[in-house]
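Below is one structure, written out as structure tokens; the observations come after it.
For ligands, and for the atoms within them, numbers begin at 1 and follow the listed sequence. Residue indices begin at 1 and follow the sequence shown.
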Amino acid sequence: MCGIVGAVAERNITTILIEGLKRLEYRGYDSAGLAVYTQQGNLERRRRIGKVSELEAAVGAEPLAGNLGIAHTRWATHGAPTEHNAHPHFSGHELAVVHNGIIENHEELREKLKGLGYVFSSETDTEVIVHLLAHTLKSLPDLADALKAAVKQLHGAYGLAVISAKQPDRLLAARSGSPLVIGLGHGENFLASDQLALRQVTDRFMYLEEGDIAEIRREQVTIWDVAGTQVQRETVQYHEGAEAADKGEYRHFMLKEIHEQPTVVQRTLEGRLGKDHVMVQAFGPQAAELFAKVRNVQIVACGTSYHAGMVARYWLESLAGIPCQVEVASEFRYRKVVVQPDTLFVSISQSGETADTLAALRNAKELGFLGSLAICNVGISSLVRESDLTLLTQAGPEIGVASTKAFTTQLVSLMLLTLSLGQVRGTLAAGVEAELVEELRRLPTRLGEALAMDAIVEKTAELFADKHHTLFLGRGAQFPVAMEGALKLKEISYIHAEAYPAGELKHGPLALVDSDMPVVTVAPNNELLEKLKSNLQEVRARGGELIVFADEQAGMSNGEGTHVIAVPHIIDALAPILYTIPLQLLSYYVAVLKGTDVDQPRNLAKSVTVE
Ligand code: F6R
């Protein structure tokens, strides 16, 4: 994903920009560039395809020094990853812009600006911004005024940084749908799309809010909100605990990562949602063209990522009407597979280096799939490099071996895929996309509410302290959630746990149920609830103890041997994401009670790069 760094200082800022870009490398990108207002009074830029180190070498070979500059790592969406498409983009020799996000009305603006005599040198959507701003400056000569007026014409998502050779004492920024943070120094100030990029220069940050425009000078930062009113944004002192490589106030990385989910889900959605639709371009420049041809989906993954794929099958078929198959990579890769025509191959992986998943992708290339999409958390991974399209889950580094935030961000990404395919293929029922986009925007808050169940789930964990076996039950899209719950419990507490679709109980596993076999169930309030309740009666009749995570509106209450834990109500389509949280917390607290090594459970590795 794209990254932005900017600086205005008394010292030379070139090395600060490059160091900032390096800190954003983990997000994945295919070209990098920077523009500096030089000591000679010119705007100059260097751009390179490939790594930031290539850009650094270019700056080393042809040095650039100045006190004002912007820099960018680009993940191609409009136009191939070439040097002329890399940011910063210029209008003449006066104005430079870097941009994260997607401008949806770029074609219309491009035609208009061409008509006004502006010459385009790239295929990017970003270049319309810089020419539009140059044009606006003709009537509104102050850079901030011009930017405020120009962004009103942009539809889509953006985080922008702008510098002008005519007003070289300031850096301008605008945020709508793509995050930006100002780093506050002493006699110098900075800008970035992620505070990580600026940790080298400051520990004080100001986060821009949606619609904000900021003018950043060495001694002063001025911010206007979406209504154009000058506002103050809170200055946040950076806490060590917020850094990914640090547990901070948490006892284990796993607990920290569980609690990060509202933030990382928010990040996964950023820049990808339009007003009432998903931005298909978020999957890459050729996504819309490719998605229009998709008639089937084949998902391949391992472990937790496989469970995310299983949830996606329910979504793809029920919401988008697209047939979907899901298979574990170690089976898929060695099986003779019959590929349906026009099938999109989707791999899901946190690390992007899982040997079986990678091998499956390589096989898929020989098998005549329509194209390949990687849903992955690591932008520089092999899986991403070798796939036609990518959607990066923005979970940030996951340190705990048991996957948590990677899973929920995968689910969010798969919902974006479902809506995008349905949108392009025209198979979504009317209003579904707009409704789900709205619900997705609320999801981080809802996940925060689910995390508030922490204390009650910790208490519930005591029921498992002396148990050796557990059953997890779910129906519909909650069946894979139950599978994921069982996997988490066995991985970190070493309690044997199995998941079944609730309707399968009486076809065998019911024989296992007795007072030593707790049965964990996820029960959202949907059309399967009454059937699920009957399944639970079957358990109670055999003396089995029930732990039910039930919608607060499901009308279920505690009874003898039945522990009901209320879960905040949520639209059914997003319930798998929400119900995952109490199950993660349950396995965490059971493991803590058992005294296991939660972050590094025995026999397991974080990235399985061998067969
Ligand atoms: C479980 C877990 C594993 C991984 C699996 C695939 O908590 O972490 O099951 O999900 O090894 O790994 P990735 O997603 O990196 O391909």
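- Ligand-side atoms of ligand 1 in range of Thr354: 12 (O), 13 (P), 15 (O), 16 (O), range being under 4.0 angstrom from any heavy atom.
- Near Ser305, meaning under 4.0 Å from one of its heavy atoms, ligand 1 places the atoms 10 (O), 13 (P), 14 (O).
- At least one heavy atom of Val401 sits less than 4.0 Å from an atom of ligand 1.
- Residues satisfying the ring pair (Phe, Tyr, Trp, His ring centres under 6.0 Å) test with His563, not counting sequence neighbours, are none.
- Within the 3.5 Å criterion, the main-chain N or O of Val339 finds no donor-acceptor partner in the side chain of Gln298.
- Under the 4.0 Å criterion applied to side-chain N and carboxylate O atoms, Glu439 and Arg442 are assigned as salt-bridge partners.
- Using a distance-only test at 3.5 Å, with no hydrogens or angles considered, a donor-acceptor pair links the side chain of Asn377 to the main chain of Gly396.
- In summary, the atoms of ligand 1 found under 4.0 Å from a heavy atom of Glu491, numbered by their order in the structure, are 1 (C), 2 (C), 7 (O).
- Considering backbone and side-chain N/O of Thr304, one or more are found under 3.5 Å from N/O of ligand 1.
- Every residue two or more places apart in sequence or in another chain was checked for a salt bridge (Lys or Arg N to Asp or Glu O under 4.0 Å) with Glu498, and none qualifies.
- Here Lys405 does not pair with Glu398 in a salt bridge; the nearest charged N to carboxylate O distance is not below 4.0 Å.
- Against a heavy-atom cut-off of under 4.0 Å, Lys488 is close to the following atoms of ligand 1: 1 (C), 7 (O).
- Near Gln350, meaning under 4.0 Å from one of its heavy atoms, ligand 1 places the atoms 13 (P), 14 (O), 15 (O), 16 (O).
- Listed for the Thr343 side chain is no donor-acceptor partner under 3.5 Å among the backbone atoms of Phe369.
- Residue-ligand proximity, Ser349 to ligand 1, at heavy-atom distances under 4.0 Å covers atoms 13 (P), 14 (O), 15 (O), 16 (O).
- For ligand 1, the atoms sitting less than 4.0 Å from at least one non-hydrogen atom of Ala402 are 7 (O), numbered in the order shown with element in parentheses.
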